[in-house]
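One structure below.
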2 protein chains.
Amino acid sequence: MSNSRNFEEKLRSAGLRPTRQRLEICEVLFDRKETFHFTIDGLQKILKNKLNTKISIATVYNTINSFKNKGYIKEISLNSEKTYFDTNVTNHHHFYDETTSELIDFHDSDVEHLQLRKNLPGKKIKSIEVLVKVANK
Amino acid sequence: MSNSRNFEEKLRSAGLRPTRQRLEICEVLFDRKETFHFTIDGLQKILKNKLNTKISIATVYNTINSFKNKGYIKEISLNSEKTYFDTNVTNHHHFYDETTSELIDFHDSDVEHLQLRKNLPGKKIKSIEVLVKVANK
DNA sequence: CAATATATTAGAACAATTCTAAAGTGCTTT
DNA sequence: AAAGCACTTTAGAATTGTTCTAATATATTG
Ligand SMILES: [Mn+2]
Ligand SMILES: [Mn+2]
Ligand SMILES: [Zn+2]
Ligand SMILES: [Zn+2]
């Protein structure tokens, strides 16, 4: 598989050198079909399991912040406890399951007519996102 | 004006004694017609101006947390920098103005048919809220 | 005006994130 | 392949937002 090649190019395209640590982080974040939601803490645990050694927390933060700034991931805020990140950078909506603390994507096609009647003069809309909080019945 | 009377009762109804500090906080939060969005930091600055002495940060946090737990205010998360609070505890939507860092309410009647097609089996919906990020044109 | 229960406060503790600067690695040039 | 330089990683310090602690102050009750 030429994934590490791909990730190398991805990193270079972002002006980042393809180091061992960054390639491992890429594997966790991008080597999957499905969308991936994570916290820094969760990511570090995954990396620790994967590698049996740990990548320093500063490197994890630096890398994630670089990816965020490059537009390869985005930040999702839904409560004050944890900051979530999302490898799906398109404009989309979320279910947040309060029972499991899980985030689940959904898309424009899953809501009817999300059309604003209200407008703010002199402002342009950057994003419109719906957050649906759910819990066990 | 019998506002301090009202606030006294409000505090008692929440099982809180009406102290000087809590009454001052009530005035800032609730003695207004419009909805009020604030951060802890912003609230403390308002209180300091109003009083010329400061209420300790621990008291501000304790009081706001009590009000949150009693359902008198709610927490709004929109970025990882600051936690916002809202005296409007109804289910409603927000514009977040990235240029001014201001939060503006809007309501169900301001969106067309916010109706979900997607559903999660075994889960019940706690809230559906839209966040519209805007910035200067 | 006690006695007692609860609240306020400064500062300590804690957690998440960023900064610092020393040591290590990757890249370019030879 | 080695040298030199730029960039990266790291541990630990610093910073920030929040909660805890325990001593002092205030509110309530009798
Ligand atoms: Mn690997
Ligand atoms: Mn006053
Ligand atoms: Zn998502
Ligand atoms: Zn609001």
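Everything numeric here is computed off the predicted structure, so don't read it as measured data.
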(message) Out of the candidates Arg32(B), Lys50(B), Arg22(B), only one should pair with Glu27(B) under the side-chain hydrogen bond (donor to acceptor under 3.5 Å, both in side chains) rule; please name it.
(response) Lys50(B)
(message) In whole Å, I'd like the distance from the NZ atom of Lys68(B) to the C1' atom of dT18(D).
(response) 11 Å
(request) Scan Ile57(B) against the nucleic acid and name what it touches under 4.0 Å (heavy atoms): base, sugar-phosphate only, or nothing. (result) nothing
(request) Quickly, which of Asn88(B), Thr87(B), Asp105(B) forms a side-chain hydrogen bond (donor to acceptor under 3.5 Å, both in side chains) with His37(B)? Name it, please. (result) Asp105(B)
(message) Taking only side-chain N and O atoms of Gln21(B), does any of them lie within less than 4.0 angstrom of OP1 or OP2 on dT26(D)?
(response) no
(message) dA10(C), OP1 or OP2 - any side-chain N/O from Lys54(B) closer than 4.0 Å?
(response) yes
(request) Establish, with yes or no, whether the OP1 or OP2 oxygen of dT9(D) is under 4.0 angstrom from a side-chain nitrogen or oxygen of Thr19(A). (result) yes
(request) Output the single nucleotide from dC19(C), dT8(D), dT9(C) whose closest atom is nearest the side chain of Ser56(B). (result) dT9(C)
(request) Mind calculating the distance between CG (Leu43(A)) and C1' (dT17(C)) to the nearest angstrom? (result) 15 Å
(request) Taking only the side-chain nitrogens and oxygens of Asn65(B), find out if one of them lies under 4.0 Å from OP1 or OP2 of dT19(D). (result) yes
(message) How many whole angstroms separate atom OH of Tyr61(A) from atom P of dT15(D)?
(response) 18 Å
(request) Rounded to the nearest angstrom, tell me the gap between atom CG in Asn79(A) and atom P in dA16(C). (result) 12 Å
(message) Less than 4.0 angstrom between a side-chain N/O of Arg20(B) and OP1 or OP2 of dA27(D), yes or no?
(response) no
(request) Measure from the side chain of Thr83(B), starting at C-beta and using heavy atoms only, and say which of dT18(D), dT8(C), dT10(D) lies closest. (result) dT18(D)
(request) State, with a plain yes or no, whether a side-chain heavy atom of Tyr72(B) is found less than 4.5 Å away from one of Leu29(B). (result) no
(request) Tell me whether Val89(B) is reachable from Leu131(A) by hopping between hydrophobic residues (I, L, V, M, F, W, Y) whose side-chain heavy atoms are closer than 4.5 Å. (result) no
(message) Whether Arg17(A) contacts dT9(D) is assessed here as follows: a side-chain N or O lying under 4.0 Å from the phosphate OP1 or OP2. Is that the case?
(response) no
